[in-house]
Peer 1: 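Quick one: structure below, then a few questions.
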Number of protein chains: 2
Amino acid sequence: MLLRLDPLSPTPVFEQLARQVKTLVAKGLLRPGDKLPSVRDLARDTAVNPNTILRTLELLERDHVIIRRQGSGCFVAPRTTDLSTPARKSQLTTLAAHLVTEAFHLGFDATDIRSAVNSTLDEIDFPKRKRSTS
Amino acid sequence: MLLRLDPLSPTPVFEQLARQVKTLVAKGLLRPGDKLPSVRDLARDTAVNPNTILRTLELLERDHVIIRRQGSGCFVAPRTTDLSTPARKSQLTTLAAHLVTEAFHLGFDATDIRSAVNSTLDEIDFPKRKRSTS
DNA sequence: TTAGGTGTTATAGATGACATAGGACAGTTG
DNA sequence: CAACTGTCCTATGTCATCTATAACACCTAA
């Protein structure tokens with residue numbers, strides 16, 4: 001579990017860690033069922049207080065990325081599909097709007113943005129679609 | 001200047017306001033050279049302290065969205081192009097990665113993500129490209 | 001059953017971000 | 001000059017973040 005922290009970043013430690021775990025899952029380097037290191041191990045490896053690790057785990061569970069089981073550990077959750085659709089759609093729209101307006105003010109155009117998204121998508125391990133290798 | 005605040009949102013007021021101004025500019029509802037309402041007017045309209053408005057303006061100037069001129073007011077800046085390219089590219093990559101991993105964990109696939117980005121792009125007022133109406 | 005691992009909860013304190021309040025200063029415009 | 005603009009400052013209160021420390025609760029395997 002290579003997790004690195006940027007102490008200068010304005011984003012809180014517990015969020016930096018959560019984001020990195022999410023990325024590992026999205027890239028398929030962590031797969032559903034995989035066990036995460038223990039709270040105390042993560043705390044030691046990242047030189048962070050166990051309570052801060054706990055915040056990370058709470059965040060990850062809230063986002064359905066992991067499942068926590070007292071006594072046994074934390075595990076990567078199975079892929080999510082069954083969330084209320086309108087809320088999800090709205091969140092996606094907000095995320096896309098944020099990317100686009102920020103990129104706009106960085107001076108990029110539509111082509112730049114689309115290509116950046118496509119590059120990132122290439123690294124993601126999406127589950128196979130129905131009727132793939134027909 | 002219709003600016004609305006969500007008092008329940010975890011994102012700070014000064015950032016909510018900055019984001020809304022950025023969106024107005026990106027959509028072409030505010031154009032380069034346009035004058036923003038005065039600090040005190042904005043403070044009154046949004047029921048926010050003038051110092052908080054000031055934070056918003058500082059943020060917007062840092063991101064090259066506006067130019068502040070003491071005594072005369074704040075104006076929408078001309079479109080940015082001359083920022084050091086490698087840093088910009090890196091920021092774009094980070095933004096795209098954030099969108100994609102969050103969307104992934106919301107259960108969306110590559111097609112969903114691409115179409116959400118395209119929908120947002122349709123609302124943006126990009127400057128004309130060279131040799132357009134030849 | 002016991003030992004040692006797991007996650008969980010609680011308390012306390014340091015630090016800094018956020019926002020308000022109120023006042024004062026400085027440049028621009030008519 | 002008067003009235004507008006942005007700017008700065010100090011003080012205050014609140015909240016988020018992170019640390020430190022300790023104890024508790026659950027699970028699993030020897």
Side-chain angles (χ1 to χ4, degrees), chain A residues 1 3-22 25 30 32-78, chain B residues 1 3-22 25 30 32-78:
Chain A
M1 277 291 280
L3 298 182
R4 273 170 297 116
L5 283 176
D6 174 9
L8 300 181
S9 167
T11 83
V13 171
F14 75 93
E15 201 174 322
Q16 288 186 46
L17 296 176
R19 195 171 293 185
Q20 288 181 52
V21 173
K22 282 184 174 182
V25 174
L30 278 177
D34 284 357
K35 188 174 190 295
L36 266 60
S38 76
V39 169
R40 291 165 180 76
D41 282 354
L42 284 173
R44 187 171 4 86
D45 293 354
T46 55
V48 150
N49 192 278
N51 282 318
T52 303
I53 300 293
L54 198 61
R55 308 274 312 258
T56 298
L57 299 181
E58 287 168 354
L59 189 56
L60 288 172
E61 185 171 55
R62 181 175 67 72
D63 290 351
H64 305 93
V65 178
I66 64 170
I67 292 171
R68 300 187 291 169
R69 279 210 293 261
Q70 183 159 274
S72 18
C74 292
F75 303 85
V76 177
Chain B
M1 278 290 280
L3 298 183
R4 272 170 297 115
L5 284 176
D6 174 9
L8 301 181
S9 166
T11 83
V13 171
F14 76 93
E15 201 174 323
Q16 288 185 47
L17 295 176
R19 197 170 292 184
Q20 288 180 52
V21 172
K22 282 183 176 183
V25 174
L30 278 177
D34 284 356
K35 188 176 192 294
L36 266 61
S38 78
V39 169
R40 290 164 180 78
D41 282 354
L42 283 173
R44 187 170 3 86
D45 294 353
T46 55
V48 149
N49 191 280
N51 283 317
T52 304
I53 300 294
L54 198 61
R55 309 275 313 257
T56 299
L57 299 181
E58 285 168 356
L59 189 55
L60 288 172
E61 185 172 55
R62 182 176 66 74
D63 289 352
H64 306 92
V65 178
I66 65 169
I67 291 171
R68 301 186 288 169
R69 280 211 293 261
Q70 183 160 282
S72 26
C74 293
F75 303 84
V76 176

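In what follows, chains are A, B, ... by sequence order, proteins preceding strands, each numbered from 1. Please read all numbers here as calculations on a predicted model, not as lab measurements.
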Peer 1: Just to verify, which of A/Leu59, A/Ile53, A/Leu57 counts as forming a side-chain contact (heavy atoms from CB on, under 4.5 Å) with A/Leu17?
Peer 2: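 That would be A/Ile53.
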Peer 1: B/Arg68 or A/Asn49: which one's nearest nucleotide on DNA chain D is closer to the 5' end?
Peer 2: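 On the 5' side of the pair lies B/Arg68.
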Peer 1: To the nearest Å, give me how far apart CD (A/Glu58) and P (C/dA10) are.
Peer 2: 11 Å
Peer 1: Report yes if a donor N or O on one partner sits less than 3.5 Å from an acceptor N or O on the other, where the partners are the side chain of B/Asn51 and the base of D/dC9; otherwise report no.
Peer 2: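 Such a pair is found, so the answer is yes.
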Peer 1: Counting side-chain heavy atoms from C-beta on, which of C/dT6, D/dC26, D/dT7 comes nearest to A/Gln70?
Peer 2: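 Between C/dT6, D/dC26, D/dT7, the one nearest the side chain of A/Gln70 would be D/dC26.
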Peer 1: Report the distance from atom CD1 of B/Ile66 to atom P of D/dT5, rounded to the nearest whole Å.
Peer 2: 15 Å
Peer 1: For B/Val65, is there any backbone N or O sitting under 3.5 Å from a side-chain donor or acceptor partner on B/Asp63?
Peer 2: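 Judged by distance alone, no pair lies under 3.5 Å.
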Peer 1: Tell me which nucleotide among C/dT28, C/dT20, D/dG6 gets nearest to the side chain of B/Cys74.
Peer 2: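 Closest nucleotide to the B/Cys74 side chain: D/dG6.
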Peer 1: Separation of B/Leu8 atom CG from D/dA16 atom P, in whole Å?
Peer 2: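 One finds 13 Å between P of D/dA16 and CG of B/Leu8, rounded.
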Peer 1: Can you work out whether A/Glu15 or B/Val39 has the more 5'-proximal nearest nucleotide on DNA chain D?
Peer 2: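 Nearest-nucleotide comparison on DNA chain D picks B/Val39.
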Peer 1: Does C/dT6 have its OP1 or OP2 closer than 4.0 Å to a side-chain nitrogen or oxygen of A/Ser38?
Peer 2: yes
Peer 1: Has the side chain of A/Arg40 got a donor or acceptor that lies under 3.5 Å from a partner of the other kind on the base of C/dG7?
Peer 2: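 Donor-acceptor pair under 3.5 Å: yes.
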Peer 1: Send over the distance from B/Asp6 CG to C/dC18 P, rounded to a whole Å.
Peer 2: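 Spelled out: CG on B/Asp6 to P on C/dC18 is 17 Å.
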Peer 1: CG of A/Leu42 versus P of C/dT6: gap in Å, rounded?
Peer 2: 10 Å
Peer 1: Nearest-Å distance, CG (A/Leu36) to C1' (C/dG7)?
Peer 2: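 After rounding, the gap between these two atoms is 13 Å.
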Peer 1: Can you tell whether the side chains of A/Arg19 and A/Glu15 come within less than 4.0 Å, N to carboxylate O?
Peer 2: yes
Peer 1: Would you mind classifying the nucleic acid contact of A/Leu54 as base, sugar-phosphate or nothing, using non-hydrogen atoms under 4.0 angstrom?
Peer 2: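 Touches a base.
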Peer 1: State which of D/dT17, D/dT19, C/dA19 makes the closest approach to the side chain of A/Val48.
Peer 2: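 Closest nucleotide among those given: D/dT19.
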Peer 1: Confirm from the modelled atom types if B/Arg69 and D/dG6 form a donor-acceptor pair under 3.5 Å, side chain to base only.
Peer 2: no
Peer 1: Ignoring backbone atoms, test whether A/Arg55 places a side-chain nitrogen or oxygen under 4.0 Å from the OP1 or OP2 oxygen of D/dC18.
Peer 2: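 Negative; the distance criterion is not met.
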Peer 1: Quick one: closest heavy-atom pair of A/Gly73 and A/Lys35, and the distance?
Peer 2: CA-NZ, 4.3 Å
Peer 1: Take the protein atom CG of B/Leu60 and the nucleotide atom C1' of D/dG6, then report the distance between them rounded to whole Å.
Peer 2: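 Spelled out: CG on B/Leu60 to C1' on D/dG6 is 15 Å.
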Peer 1: With a 3.5 Å distance limit and no angle check, can you tell me whether B/Thr52 reaches the backbone of B/Val48 through a side-chain donor-acceptor pair?
Peer 2: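 No, because the side chain of B/Thr52 does not come within donor-acceptor range (under 3.5 Å) of the backbone of B/Val48.
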Peer 1: Find the distance B/Ile67:CD1 to D/dG6:P and express it as a whole number of Å.
Peer 2: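 Taking atom P of D/dG6 as the reference, CD1 of B/Ile67 is at 14 Å.
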Peer 1: State whether A/Thr52 places a side-chain N or O below 4.0 Å from either non-bridging phosphate oxygen (OP1 or OP2) of D/dT19.
Peer 2: yes
